[in-house]
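One structure below.
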Amino acid sequence: MDRKPIKRNEHIVKLSRDHHVSLLFCWKLRQGIRHGVSTERMIRYVGYFEKQHFIPHFEEEENILFAPVKDQKVQKALDDHIHILKSVKEITFSGKLNQENELSRLADMVDDHVRYEERILFPYLEKKLTDMQLEEIGKQLSDVPIKDNFEDEFWVMKK
């Protein structure tokens with residue numbers, strides 16, 4: 001099945017770019033697990049990513065994009081945010097070092113969430129919100145892209 005690239009409204013395309021960074025987060029965790037990287041290193045990355053990406057990204061979505069719409073589709077995304085952050089806290093504060101299953105589950109959860117927002121929620125919001133609302137949302141979104149500059153590149157297989 002061929003998937004065409006999703007054309008995102010210009011005013012919320014920044015959030016889709018952030019989603020690409022989230023999908024790379026998932027890939028990096030999966031690579032680390034596949035290569036037998038110590039979970040301690042990956043857990044540090046999860047804590048870093050929560051602060052650098054999840055929290056600012058979720059706040060923008062919740063306070064800016066989702067604010068005008070209160071319905072089940074938006075509520076699912078809000079619930080996903082809560083579950084993702086809860087999973088991050090459980091991983092980073094549990095003290096357990098051998099957590100491949102939890103890290104893998106987090107990667108799957110984030111992956112599913114991003115795909116839900118990109119394939120279902122964002123197209124829905126683009127139709128539901130007016131052009132003026134989308135333009136105002138675009139003005140409120142940070143124009144600074146969220147970057148992932150974690151120093152320990154555990155996902156790279158060293159020879």
Side-chain angles (χ1 to χ4, degrees), residues 1-33 42-93 102-156:
M1 174 167 79
D2 287 337
R3 284 205 181 268
K4 292 181 182 178
I6 298 171
K7 180 141 172 67
R8 186 63 56 228
N9 180 284
E10 66 181 312
H11 301 295
I12 61 172
V13 74
K14 185 260 187 205
L15 296 172
S16 288
R17 289 186 188 120
D18 290 351
H19 285 162
H20 179 72
V21 176
S22 293
L23 292 175
L24 286 173
F25 165 84
C26 300
W27 178 82
K28 290 171 182 180
L29 288 181
R30 291 174 178 140
Q31 287 295 104
I33 292 166
M42 291 186 281
I43 290 167
R44 279 196 302 271
Y45 176 59
V46 168
Y48 163 87
F49 202 82
E50 174 195 29
K51 289 176 187 66
Q52 296 299 313
H53 181 78
F54 287 143
I55 291 173
H57 177 77
F58 290 173
E59 285 177 354
E60 278 195 317
E61 285 183 337
E62 293 170 10
N63 299 326
I64 300 170
L65 179 61
F66 300 166
V69 180
K70 304 285 187 235
D71 65 14
Q72 286 183 309
K73 284 184 167 74
V74 169
Q75 189 58 52
K76 181 193 178 327
L78 295 170
D79 292 344
D80 285 355
H81 289 179
I82 291 166
H83 287 73
I84 289 166
L85 292 175
K86 182 178 181 215
S87 181
V88 166
K89 292 291 182 222
E90 288 171 356
I91 289 168
T92 56
F93 291 112
E102 290 86 352
L103 290 164
S104 179
R105 194 167 36 249
L106 175 63
D108 291 345
M109 189 184 313
V110 171
D111 192 306
D112 290 346
H113 171 70
V114 166
R115 294 185 192 289
Y116 168 74
E117 286 190 348
E118 286 295 322
R119 294 177 183 163
I120 296 169
L121 184 59
F122 283 14
Y124 168 75
L125 291 173
E126 287 171 335
K127 289 178 184 163
K128 188 157 182 76
L129 298 169
T130 66
D131 289 340
M132 196 167 15
Q133 285 174 307
L134 287 166
E135 185 177 344
E136 184 57 35
I137 287 166
K139 289 177 186 174
Q140 293 177 54
L141 293 174
S142 167
D143 58 357
V144 177
I146 295 177
K147 297 200 186 287
D148 180 354
N149 296 321
F150 192 66
E151 291 183 12
D152 178 3
E153 294 181 340
F154 63 84
W155 54 90
V156 176

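Since the structure is predicted, the reported quantities are computational estimates derived from the model, not experimental observations.
- Here the side chains of K128 and Q133 are not in contact, with every heavy-atom distance at 4.5 Å or above.
- Side-chain N or O atoms of Y48 include none that pairs as donor or acceptor with a backbone N or O of D148 at under 3.5 Å.
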Practice item. Please report the C-alpha distance between M132 and E136 in whole Å, then the side-chain angles of each, then the deciding distance to 0.1 Å, and finally whether the side-chain contact (heavy atoms from CB on, under 4.5 Å) criterion is met. Key: CA-CA 6 Å; M132 196 167 15; E136 184 57 35; 5.9 Å; no
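- Under 3.5 Å, the side chains of E102 and S87 contain no donor-acceptor pair of N or O atoms.
- Within the 3.5 Å criterion, the main-chain N or O of A107 finds no donor-acceptor partner in the side chain of D111.
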Practice item. Evaluate side-chain contact (heavy atoms from CB on, under 4.5 Å) for F66 paired with K73, printing each intermediate quantity in order. Key: CA-CA 10 Å; F66 300 166; K73 284 184 167 74; over 6 Å; no
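- Of all heavy-atom pairs spanning L141 and I12, the tightest one is CD1-CA, 4.2 Å.
- Put simply, the side chain of L78 does not reach to within 4.5 Å of the side chain of E61, judged on heavy atoms.
- Using a 4.5 Å heavy-atom cutoff, the side chains of D112 and D80 are not in contact.
- In this structure, NZ on K51 lies 7.0 Å from OG1 on T92, to the nearest 0.5 angstrom.
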Exercise for review: Step by step, work out the side-chain contact (heavy atoms from CB on, under 4.5 Å) result for L29 and V46.
Suggested key: CA-CA 9 Å; L29 288 181; V46 168; 4.1 Å; yes
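- Note: M42 CE to I33 CD1 = 5.0 Å, rounded to the nearest 0.5 Å.
- Looking at W155 and L24, their side chains never come closer than 4.5 Å, going by heavy atoms from C-beta outward.
- Using a cutoff of 4.0 Å between basic side-chain nitrogens and carboxylate oxygens, D108 and R30 are scored as salt-bridged.
- Side chains of L15 and H57 form a contact here, defined as non-hydrogen atoms less than 4.5 Å apart.
- Qualifying salt bridge (charged side-chain N to carboxylate O under 4.0 Å, His left out) partners for K14, counting only residues two or more places apart in sequence or in other chains: D18, E60.
- Contact check for H83 versus H113: no side-chain heavy atoms found under the 4.5 Å cut-off.
- In K70, the NZ atom is crowded: over 12 heavy atoms of neighbouring residues, nucleotides or ligands sit closer than 6.0 Å.
- The NZ atom of K86 sits 13.0 Å away from atom CG of L106, with the distance rounded to the nearest 0.5 Å.
- E126 has a carboxylate O that lies under 4.0 Å from a charged side-chain N of R8, or vice versa, which qualifies the two as a salt bridge.
- D71 and Y124 share a donor-acceptor pair across their side chains, judged by distance under 3.5 Å alone.
- In this pair, F150 and F154 present their aromatic rings perpendicular. The plane angle is above 60°, beyond the 30 to 60° band.
- Between I146 and V21, the shortest heavy-atom distance links the atoms O-CG2, 3.7 Å.
- Residues F49 and V88 fail the side-chain proximity criterion, which asks for heavy atoms closer than 4.5 Å.
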Practice item. With side-chain contact (heavy atoms from CB on, under 4.5 Å) as the test, would you mind laying out the steps for H53 and F25 before giving the verdict? Key: CA-CA 10 Å; H53 181 78; F25 165 84; over 6 Å; no
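- Atom CD1 of residue I64 and atom CD1 of residue I137 lie 8.5 Å apart, to the nearest 0.5 angstrom.
- Between F54 and L85 there is a side-chain heavy-atom pair separated by less than 4.5 Å.
- From L23, atom CG reaches atom CZ of R115 across 5.0 Å, with rounding to the nearest 0.5 Å.
- For the atom pair NZ of K28 and OH of Y45, the computed distance is 4.0 Å after rounding to the nearest 0.5 Å.
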